[in-house]
Amino acid sequence: MVAATESGNAGDSHADKLGFTSGMVVQELGWDEDADDDLRADIEDTIGGEMVDEDADDVIDVVVLWWRDGDGDLVDALMDAIAPLADDGYVWVFSPKTGTDGHVDPSEIAESAPTAGLTQTNVVSLGGWSGSRLVQPKSRKRA
């Protein structure tokens with residue numbers, strides 16, 4: 001019998017549940033020492049390589065944005081994050097959970113997304129962090 005992971009299903013990682021797949025180009029923004037290293041390692045194991053930083057020139061499949069209260073203007077950060085995104089790319093905003101240092105009110109993310117041209121599709125709980133998945137509208141095509 002295979003032991004179940006923390007998520008409850010054998011073989012299902014957080015990265016799998018978040019939609020990461022092998023070969024994706026994932027850009028990481030807002031990393032700091034408080035970022036969830038287990039989640040980061042899980043994402044890199046799943047995509048089969050390292051996440052790229054803000055200086056990458058690649059077309060990005062997914063942006064991982066670590067966001068804390070006091071980090072600045074979330075709309076500006078999201079606008080910067082979507083610039084290199086593929087047409088079907090999306091953003092995961094990870095913020096500290098309620099009651100922890102740096103907590104961001106979920107309404108701030110929900111209100112910032114449409115201003116940046118994104119739609120929030122789901123919210124997940126990941127240890128000490130909450131994740132909000134933001135997607136680009138299907139009707140928005142680049143020339």
Chemist: Give me the atom names and distance for the closest heavy-atom approach of Ile60 to Val63.
Modeler: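 Shortest heavy-atom separation between Ile60 and Val63 comes out as CG2-CG2, 3.8 Å.
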Chemist: Going only through I, L, V, M, F, W and Y residues with side-chain contacts under 4.5 Å, is there a path from Phe20 to Val52?
Modeler: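 Phe20 and Val52: separate clusters.
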Chemist: Please tell me whether Leu126 and Ile47 are part of a single hydrophobic cluster in this structure, the criterion being side-chain heavy atoms less than 4.5 Å apart.
Modeler: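 Linked within one cluster.
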Chemist: Rounded to the nearest 0.5 Å, how far does CE of Met79 lie from CG of Leu74?
Modeler: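 Spacing of CG (Leu74) from CE (Met79) equals 12.0 Å.
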Chemist: Considering all heavy atoms of both residues, which atom of Ile109 and which atom of Leu134 are nearest to each other, and what is their separation?
Modeler: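 Heavy atoms of Ile109 and Leu134 come nearest at CG2-CD2, 4.4 Å.
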Chemist: Any donor-acceptor pair under 3.5 Å linking the side chain of Trp67 with the backbone of Val104?
Modeler: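 Side chain of Trp67 to backbone of Val104: no pair is present.
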Chemist: Val62, Leu29: one ILVMFWY side-chain cluster at the under-4.5 Å cut-off?
Modeler: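 No, it is not one cluster - the side chains of Val62 and Leu29 are not joined through contacts under 4.5 Å.
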Chemist: How would you list, by chain and number, every residue that makes a salt bridge (charged side-chain N to carboxylate O under 4.0 Å, His left out) with Arg133, sequence neighbours excluded?
Modeler: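 Salt bridge (charged side-chain N to carboxylate O under 4.0 Å, His left out) list for Arg133, sorted by chain: empty.
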Chemist: What salt bridge (charged side-chain N to carboxylate O under 4.0 Å, His left out) pairs are there with at least one residue in residues 24-33, not counting sequence neighbours?
Modeler: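 Applying salt bridge (charged side-chain N to carboxylate O under 4.0 Å, His left out) to every pair that reaches into residues 24-33, excluding sequence neighbours, yields Glu28-Arg40.
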Chemist: In chain order, what residues pass the side chain to side chain donor-acceptor pair (under 3.5 Å) check against Asp34, with sequence neighbours excluded?
Modeler: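 So Asp34 forms a side chain to side chain donor-acceptor pair (under 3.5 Å) with Arg68.
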Chemist: Under the side chain to side chain contact (heavy atoms under 4.5 Å, CB included) rule, collect the residues that match up with Asp80, sequence neighbours excluded.
Modeler: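 Side chain to side chain contact (heavy atoms under 4.5 Å, CB included) list for Asp80, sorted by chain: empty.
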Chemist: Going by ring-ring contact (aromatic ring centres under 6.0 Å, His included), name the residues that satisfy it together with Trp66, two or more places apart in sequence or in a different chain.
Modeler: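 Checked Trp66 against ring-ring contact (aromatic ring centres under 6.0 Å, His included); matches are Phe94, Trp129.
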Chemist: Nearest 0.5 angstrom please: Lys17 NZ to Asn122 CG, how far?
Modeler: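 Atom-to-atom, Lys17:NZ and Asn122:CG are 12.5 Å apart.
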Chemist: Sorted by first residue and then second, give each ring pair (Phe, Tyr, Trp, His ring centres under 6.0 Å) pair with at least one member in residues 25-61; sequence neighbours left out.
Modeler: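 Non-adjacent pairs meeting ring pair (Phe, Tyr, Trp, His ring centres under 6.0 Å): zero.
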Chemist: Cut-off 3.5 Å, no hydrogens considered: what does the side-chain donor-acceptor table look like for residues 110-120, sequence neighbours left out?
Modeler:
residue, atom, partner, partner atom, Å
Ser112, OG, Glu108, O, 2.7
Thr115, OG1, Glu111, O, 3.4

Chemist: Any chain of hydrophobic side-chain contacts (each under 4.5 Å) joining Tyr90 to Val124?
Modeler: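 Tyr90 and Val124: one cluster.
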Chemist: Restricting to pairs with a member in residues 119-128, which pass salt bridge (charged side-chain N to carboxylate O under 4.0 Å, His left out), not counting sequence neighbours?
Modeler: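 Those involving residues 119-128 do not exist here.
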Chemist: Using the side-chain hydrogen bond (donor to acceptor under 3.5 Å, both in side chains) rule, collect all pairs that involve residues 94-106, keeping only residues at least two apart or in two chains.
Modeler: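 Qualifying pairs: Lys97-Ser125, Asp105-Ser107.
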Chemist: Quick one: does any side-chain atom of Gln27 pair with a main-chain N or O of Ala81 as donor and acceptor, under 3.5 Å?
Modeler: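 Such a contact is absent between Gln27 side chain and Ala81 backbone.
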Chemist: Of the non-hydrogen atoms in Leu18 and Trp92, which two are nearest, and what is the gap between them?
Modeler: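 Residues Leu18 and Trp92, closest heavy atoms: O-NE1, 3.1 Å.
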Chemist: Under the side chain to side chain donor-acceptor pair (under 3.5 Å) rule, collect the residues that match up with Asp69, sequence neighbours excluded.
Modeler: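 Result, side chain to side chain donor-acceptor pair (under 3.5 Å) vs Asp69: none returned.
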Chemist: Taking all non-hydrogen atoms of both residues into account, name the closest pair between Val26 and Val64 and its distance.
Modeler: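 Result for this residue pair: CG1-CG2, 3.7 Å.
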Chemist: Could you give all pairs that pass the salt bridge (charged side-chain N to carboxylate O under 4.0 Å, His left out) test and reach residues 45-63, with sequence neighbours left out?
Modeler: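 Counting only pairs at least two positions apart or across chains, no salt bridge (charged side-chain N to carboxylate O under 4.0 Å, His left out) contact touches residues 45-63.
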Chemist: Please round to the nearest 0.5 Å and tell me the distance separating atom CG of Asp38 and atom CG of Asp42.
Modeler: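 The CG atom of Asp38 sits 8.5 Å away from the CG atom of Asp42.
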Chemist: How far does CG of Asp36 sit from CD1 of Ile43, to the nearest 0.5 angstrom?
Modeler: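 Answer for the CG-CD1 pair, Asp36 versus Ile43, is 8.5 Å.
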Chemist: Do Thr46 and Asp16 pass the side-chain contact (heavy atoms from CB on, under 4.5 Å) test, and can you show the C-alpha distance, the side-chain angles, and the key distance before you say yes or no?
Modeler: CA-CA 7 Å; Thr46 300; Asp16 291 332; 3.5 Å; yes
